[in-house]
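Fair warning: this is a prediction, and the values are worked out from it, not measured in the lab.
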Amino acid sequence: ANSSLGSGGTHIDTAFSDLNTLIKSVGNGSSTSNTQPFVFLVTDGAQDPQVKGVPNGSWSGSNHATVINPTTVCKPLKDRGIIISVLYIPYQPIQNPNASFANNEDGYANSNIPFIPPSLQGCASPGFFYTANTPADITQALQDMFKHSLVTAHITN
């Protein structure tokens with residue numbers, strides 16, 4: 001609907017930068033006026049920096065999958081006291097990769113897979129990294145994430 005916005009790719013870095021700007025108040029969770037924010041990231045962990053322009057449809061940026069850099073992407077939020085909870089749904093290898101497709105995009109994506117879990121673990125706040133492989137695992141992990149955030153954020157006398 002907005003022709004100034006592009007599409008394509010996965011831009012976790014941009015989303016986290018925007019969130020860091022949008023979250024104005026960061027407390028320690030000790031009271032309703034001193035709330036501690038949580039960010040939930042559910043992802044396959046692939047950072048794909050390409051962009052498709054709208055409305056012209058031209059592509060720019062690299063189509064080669066990479067991972068987020070926890071130091072530049074996640075640390076600014078965590079340094080402010082924002083808790084990041086990550087649910088990793090493992091990136092599935094591309095079967096029968098086609099090296100001639102998009103300058104070997106399939107090969108880059110498959111080669112990237114071993115680097116995804118460590119980058120996401122580095123992004124998550126301590127104790128807030130989860131993995132799910134099936135729909136039932138996803139449901140359970142999301143429940144665990146929310147329960148963990150409630151226990152962490154629970155105010156007691």
>> With clusters defined by side-chain heavy atoms of hydrophobic residues (ILVMFWY) lying less than 4.5 Å apart, directly or transitively, does I23 cluster with I84?
In response: yes

>> Let's go through L87 and I138 carefully: what are the C-alpha distance in whole Å and the side-chain angles of both, what is the deciding distance for side-chain contact (heavy atoms from CB on, under 4.5 Å) to 0.1 Å, and is it a yes or a no?
In response: CA-CA 8 Å; L87 172 53; I138 294 169; 4.3 Å; yes

>> Could you walk me through whether F40 and M145 satisfy the side-chain contact (heavy atoms from CB on, under 4.5 Å) test, starting with their C-alpha distance in whole Å, then the side-chain angles of each, then the deciding distance to 0.1 Å, before giving a yes or no?
In response: CA-CA 8 Å; F40 286 73; M145 290 168 72; 3.2 Å; yes

>> Can you give me the closest heavy-atom contact between G27 and P37, atom names plus distance?
In response: N-CD, 4.4 Å

> Does any non-hydrogen side-chain atom of T14 lie less than 4.5 Å from one of I12?
Replying inline: no

>> Within the structure provided, determine whether Q47 and V67 are in side-chain contact (heavy-atom separation under 4.5 Å).
In response: no

> Where the side chain of N110 meets the backbone of P93, is there a donor-acceptor pair that is under 3.5 Å apart?
Replying inline: no

> About how many Å separate CD1 of I113 and OH of Y91, when rounded to the nearest 0.5 Å?
Replying inline: 6.5 Å

>> Show, in sequence, the C-alpha distance, side-chain angles and deciding distance for V42 and L142, and conclude whether the side-chain contact (heavy atoms from CB on, under 4.5 Å) test is met.
In response: CA-CA 9 Å; V42 180; L142 286 169; 4.0 Å; yes

> Can you tell me how far the OG atom of S119 sits from the OH atom of Y88, to the nearest 0.5 Å?
Replying inline: 8.5 Å

> Which is it for V39 and L77 under the side-chain contact (heavy atoms from CB on, under 4.5 Å) test, yes or no, and what are the steps along the way?
Replying inline: CA-CA 9 Å; V39 170; L77 281 83; 4.0 Å; yes

> Is it true that F16 and L120 fall in one hydrophobic cluster, defined by side-chain heavy atoms closer than 4.5 Å?
Replying inline: yes

> Side chains of N34 and N28: do they bring a donor and an acceptor to under 3.5 Å?
Replying inline: yes

> Is a side-chain donor or acceptor of R80 paired with a backbone partner of N20 at a separation under 3.5 angstrom?
Replying inline: yes

> Quick one: CG on N103 to CD on E105, what's the gap to the nearest 0.5 Å?
Replying inline: 9.5 Å

> Do the side-chain N and O atoms of T134 and D137 include a donor-acceptor pair separated by under 3.5 angstrom?
Replying inline: yes

> Taking a hydrophobic cluster as the set of Ile, Leu, Val, Met, Phe, Trp and Tyr residues connected by side-chain heavy atoms closer than 4.5 Å, whether directly or through intermediates, do V26 and L41 fall within one such cluster?
Replying inline: yes

> When you look at NZ of K75, are more than 12 heavy atoms from neighbouring residues, nucleotides or ligands closer to it than 6.0 Å?
Replying inline: no

>> Rounded to the nearest 0.5 Å, what separates atom OG in S149 from atom CD in Q36?
In response: 10.5 Å

>> If I compare all heavy atoms of A109 with all of A65, which pair ends up nearest, and what's the gap?
In response: CA-CB, 3.9 Å

> Does S17 reach the main-chain N or O of D13 with its side chain, forming a donor-acceptor pair under 3.5 Å?
Replying inline: no

> Got a second to check how far I68's CD1 is from C74's SG, nearest 0.5 Å?
Replying inline: 4.0 Å

>> With a 3.5 Å distance limit and no angle check, can you tell me whether K78 reaches the backbone of T71 through a side-chain donor-acceptor pair?
In response: no

>> Testing the basics here: between A124 and V86, what is the closest heavy-atom pair and its distance to 0.1 Å?
In response: CB-CG2, 3.8 Å

> According to the interplanar angle, ranging from 0 to 90°, do the rings of H148 and Y130 count as parallel (below 30°), tilted (30 to 60°) or perpendicular (above 60°)?
Replying inline: perpendicular

> Nearest heavy-atom pair of P90 and N133: which atoms, and what distance?
Replying inline: CG-OD1, 3.1 Å

>> Whether the side chain of Q121 engages the backbone of F129 through a donor-acceptor N/O pair (distance < 3.5 Å, no angle test) should be reported.
In response: no

> Rounded to the nearest 0.5 Å, what separation is found between the CG atom of N96 and the CG atom of D106?
Replying inline: 9.5 Å

